[in-house]
Each structure stands twice: as C-alpha cells, then as structure tokens.
4 protein chains.
Amino acid sequence: MALRIKIQTGCDTPIYRQIVDQVHLAAATGTAKPGEAVPSIRGLAEQLVVNPNTVAKAYAELRNEGLIESQQGRGMTLCDRREVLTDSERMRRVRPLLSDLAKQAVMLGFNAQELSRMLKDECKALGQRPSKGA
Amino acid sequence: MALRIKIQTGCDTPIYRQIVDQVHLAAATGTAKPGEAVPSIRGLAEQLVVNPNTVAKAYAELRNEGLIESQQGRGMTLCDRREVLTDSERMRRVRPLLSDLAKQAVMLGFNAQELSRMLKDECKALGQRPSKGA
Amino acid sequence: MALRIKIQTGCDTPIYRQIVDQVHLAAATGTAKPGEAVPSIRGLAEQLVVNPNTVAKAYAELRNEGLIESQQGRGMTLCDRREVLTDSERMRRVRPLLSDLAKQAVMLGFNAQELSRMLKDECKALGQRPSKGA
Amino acid sequence: MALRIKIQTGCDTPIYRQIVDQVHLAAATGTAKPGEAVPSIRGLAEQLVVNPNTVAKAYAELRNEGLIESQQGRGMTLCDRREVLTDSERMRRVRPLLSDLAKQAVMLGFNAQELSRMLKDECKALGQRPSKGA
DNA sequence: GTGGTCTAGACCACT
DNA sequence: GTGGTCTAGACCACC
C-alpha cells in the first residue's frame, strides 16, 4: 500500500507542490512502483481536506512531466518512465538547494560540521520511513 | 570597499529579500564590519534602479532584526553582531531547507557523504569561519 | 469573540504598530488562542478604514516574528507560542522603556516602591498570567 | 561641575530630545542648580560632535518651557523655576510610560516581579550617578 | 540630505 | 476569495 500523501498546513510550500514532490519522492525511492494506481483527484482532495482544484493542479503537473498517465476507465497510474540523468544534470538540480541552505545556515550561525550532522540525520529519516516522516 | 549590493532581476526571489540576504551574509561572513555604513535608501535604490520603498522595506526588516541601526538623519550602520534568536528558533528556520535538500538529493541518488562534502564546499565558498566568531 | 482590533488615529504611534502590538498582546495574554484565525488583510483594512497595505505591513511583521502563519489562499492564523528571542535580546528590548520610566519617575518624585506597585497594577490590568505559561 | 551632557548614538530617541531630557533630569535631581550656566550651543555641539542646529533646537524647547533663560552677555543659565505639580498631574505624566513598559514586557514574557526588580535597579543606578550612568 | 509612515493602485500565485 | 510583492508619490521628523 503505497502513495499515502500527507500535507502539512502552515508550511510555506504550496499544497499542490507538496503533492507533486511526494509523488516524485515515492517514485524515486521505490515506495511506489510503476503501474501502481494513484489516488483519484476527488478522493485525495477529500482525504487531505483541500480543494479538488489543488489536487488537479498537482496531477496536471505530474502528467505533463510524464510521471503519471491516465489509463482510461482505470484512473491514473504511475508510469515506468525512469529518468536517466547525467552527473552534471544531477549537480545542476541539487546545487541551488545546497546554496540556499549554506547561505541561510551561515547567517544563522551554524557551521559546516553542524550542518553535515543535521543533513545526515535528515537523510537517514528519509530512508527509514519515506512516506511517514516526510 | 564595503557592501556592494547586487540584485538579479528575473529571479524568483524578491528584490527586497535579495538585499536583506546579502547584508545578512556580509555581516555573517565578516565582509562588512560592525559600525560600517550601509548605502542610503535613496542611493541604493538609484544604483539598483528599483523603487526606494523596496530598499526601505529591506532595511526595515534588517533594522527590526537588530542587524543595522538608523541614526536619524545620518543614515544607517551595521550593529555589533549579537545572538538574537534562541537555538530552537534557529533550528526551526534551517530545518525546511535541510528537508528540501535531503529529499531532492535522495531522489537524485546522492548519498549523505557526497552531500556533506558539497555542503562544506558551499560554506567555504561563502567565506565561513568558526561559527561563534562570525 | 476573537481579536477585535481597534486603532486610534491622531495618536503618535503608527497604525501598523498599533495592530502589531494588539495582536502581540492578545497572544501573550491568552485573549487569542493558537490556531485562531486573524482577520483578513482586506477585511481588517475596511473595518479600520485604512489602506490594506498598512494592515499587510503589520501582518508581515507578525509573520516574520513567527507569531502568525499564512496558509496561502486561506488567510492567517495564530501560531503556537514559542520562545524566539534569547534572554539577552529580550532584555535589550525592554531596557530603554525601563530607563525612560525610571528617569521620568525620579523627576516627578516617585520612589521605586510606588513604581513597583503601579507597574504591578498595569500588568494585572493587561491580564497577565505566570510568565512561562503565557 | 554639573551638566555634563552625553548622548548615545544608535538609540531611537532623537539627539535633541536626549539633551532636553538630560537637562530636565539634572534640574530635577539637583545635579544642576538654579543660576548655573549651561554649555553654549556651539560649545556643546562641538563636544557632542553634532550639528549646532540640533543643540539649538533642544535649547529652544528648554527656553520655551522656562527651564533655562538667556542672560544677556552671560550665555544661558538654569532658572530657579520649580514646578509644583498636583498628584494627579504627576500620575498623568508617568502613566503612559508605565503602560508602554507593561505592554512591551508582557509581550516579551517578563512577569511583574522580574520587572519590579529591574526597575528598582534602574532607579538605583539613576540615584547613584545621575550624569554618568544615564 | 536622511529614514519612517501612509496611501493608491497594480500584478502575481494559491485556494 | 486570500496573501505577497512592487511601484509611485506624498508628508513628516531629524540632522
């Protein structure tokens, strides 16, 4: 039983983005397998207590990316599409987040060592329970 | 040479935030020293070709945070750095960035060790020094 | 009944500051509880007959301080109270008011004992409760 | 030798107001006696490293209040005018400062007891060295 | 000259 | 509907 989406209110990332990111993460970590069904728009909207339009917006983005596809009559399922990225492309995607973190952390008085420890903890938490602790 | 602020338009981070961050960073890394003057609101606005109110907004935030102080009629200067936020608050502010980075990095197949190294490089690039003295 | 904000024009404290202070005070005294909604920017602006930007400025400050949080498209609510400022910073902020009061009071011939009594009365009038629980 | 005015930059009270207040305080506490000379405008301006206009503005206010008077050819001196205030008038003057302090302190999480102690300390400091510690 | 405040009106993203 | 950002222009106090 995969793809249990959870959103956190009072967080600055938009709800639709949280949904998109969680599907991405589930697909990447193998928590959700190709061909597996994703919750229906109105079902997920009801479960998360959000506007169906918000879920629809998230699914539209996922569909455009080719990560999910609508199988007529069977709702939407995860594609088996697997991105093959070059090292430089992976670098390019993670770099700005590294930069943001480093800047903010330095401003707040953290040093590189503290950061590394916290980051390791964060990664460990992700590996243990991808869908719950996220 | 002190506090040359630059902004990039067409970037998704607001102008006023770019200004705030750059002053913060300059103060944290020691690029700008306590007592040093910051550019006048109107002067900086003219230089950056933005509305003076935008600069004023950035400076107001910096002033509220206690990072700069205004000497009426004589411009603003950097304050002596002091610890303003509790440890738990600093943690709370850096946590979401850690989380974002960890998620994205895991998706891209980086491991914690690689991340730590890259993060250290980023910090070094910012000119970080032992945290307490910053 | 929650968070009825009132402002007095013709008073030297800025409107936006009156708003900020009243929300702060309501949160500190327990008049407004965590999770409770605050009036919308446009709604409050209309009620107070001021410019929406003035209210927005007040709310932005409150948000930066972590006292309220915005849930995009759904308005803003009070956060759980947490200690954000270090003790030394809290001290630094209350010190000038103490100094002003002491100077003025000494000039007027009050002694410390009288002042303490009056100050206790003021605090009681604000509905203060044991500091840590506030 | 009395009336050694000192100002503190980086404080939000205007310089001219600091001067006015200090003369008031010195007169009220007896640090400066009636008939005593006050520093010349340009002398004081030079000593404080401020604009002579600023000192002039402060002196103008003091003169309007009748606290100092210009003795032709001898500069300005303190008047022997002694205000006799009713209790209600004294109350009226100290009340707003009490209120401000109480509000700010409650917001910052101080309780009445802590405040009283700090206020006593402040008063003691004023009594000991009116012109130096101010 | 400086910063501080307020107004008016615009555009955007999110729900 | 909501908040977030930016612009333009005004008035004030202080130096």
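Letters A, B, ... mirror the listed sequences (proteins, then strands); counts begin at 1. Model, not experiment: these values are computed from the prediction.
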Trainee: Assign N53(D) to base, sugar-phosphate, or nothing according to its heavy-atom contacts below 4.0 angstrom with the strands shown.
Mentor: nothing
Trainee: Could you please name the partner base of dC14(E), counting Watson-Crick and G-U wobble pairs only when both distances are under 3.5 Å?
Mentor: dG1(F)
Trainee: How about I68(C) and T77(C): do any of their side-chain heavy atoms sit closer than 4.5 Å?
Mentor: no
Trainee: I19(A) CD1 to dT15(E) C1': how many Å, rounded?
Mentor: 12 Å
Trainee: Of the options dC15(F), dT7(F), dT7(E), whose atoms approach the side-chain atoms of V50(C) most closely?
Mentor: dT7(E)
Trainee: Give the nucleotide from the list dT5(E), dT7(E), dT15(E) with an atom nearest to the side chain of R63(B).
Mentor: dT5(E)
Trainee: Judged by each residue's nearest nucleotide on DNA chain E, which is more toward the 5′ side, K57(C) or R74(B)?
Mentor: R74(B)
Trainee: Starting from the 5' end of DNA chain F, give me the residue, S70(C) or Y16(D), whose nearest nucleotide shows up first.
Mentor: S70(C)
Trainee: How many whole angstroms separate atom CD of E61(B) from atom C1' of dG3(E)?
Mentor: 17 Å
Trainee: Atom CD1 of I41(A) and atom P of dT15(E): how far apart are they, to the nearest Å?
Mentor: 15 Å
Trainee: For I7(B) and dT5(F), give me the distance from atom CD1 to atom P, rounded to whole Å.
Mentor: 15 Å
Trainee: Can you tell me how far P of dC12(E) sits from CD of Q72(C), to the nearest Å?
Mentor: 17 Å
Trainee: Nearest whole Å is fine: how far is dG4(E) P from I15(C) CD1?
Mentor: 18 Å
Trainee: Under a 4.0 Å threshold between the charged nitrogen and the carboxylate oxygen, would K103(B) count as salt-bridged to E122(A)?
Mentor: no
Trainee: If you only use heavy atoms from C-beta on, which nucleotide in dC6(E), dT7(F), dG3(E) is closest to the side chain of M76(B)?
Mentor: dG3(E)
Trainee: Hey, are the side chains of R4(A) and Q22(A) touching, using non-hydrogen atoms and a 4.5 Å cut-off?
Mentor: no
Trainee: For DNA chain F, whose closest nucleotide is more 5', that of P14(D) or that of Y59(C)?
Mentor: Y59(C)
Trainee: CD1 of I68(B) versus C1' of dG4(E): gap in Å, rounded?
Mentor: 13 Å
Trainee: Checking side-chain contact (heavy atoms from CB on, under 4.5 Å) between Q104(D) and each of L98(C), L97(C), L25(C), which is the one that passes?
Mentor: L97(C)
Trainee: Please determine whether any donor N or O and acceptor N or O are separated by less than 3.5 Å between the side chain of R42(C) and the base of dG3(F).
Mentor: yes
Trainee: Nearest nucleotide by nearest heavy atom, which residue falls closer to the 5' end of DNA chain E, P39(B) or V49(C)?
Mentor: P39(B)
Trainee: Nearest whole angstrom, please: distance from the P of dG4(F) to the CG of D12(B).
Mentor: 16 Å
Trainee: For dT5(F), does OP1 or OP2 lie under 4.0 Å from any side-chain N or O of T54(B)?
Mentor: no
Trainee: Check for a donor-acceptor pair, side chain of T86(B) on one end and backbone N or O of E83(C) on the other, with a separation under 3.5 Å.
Mentor: yes
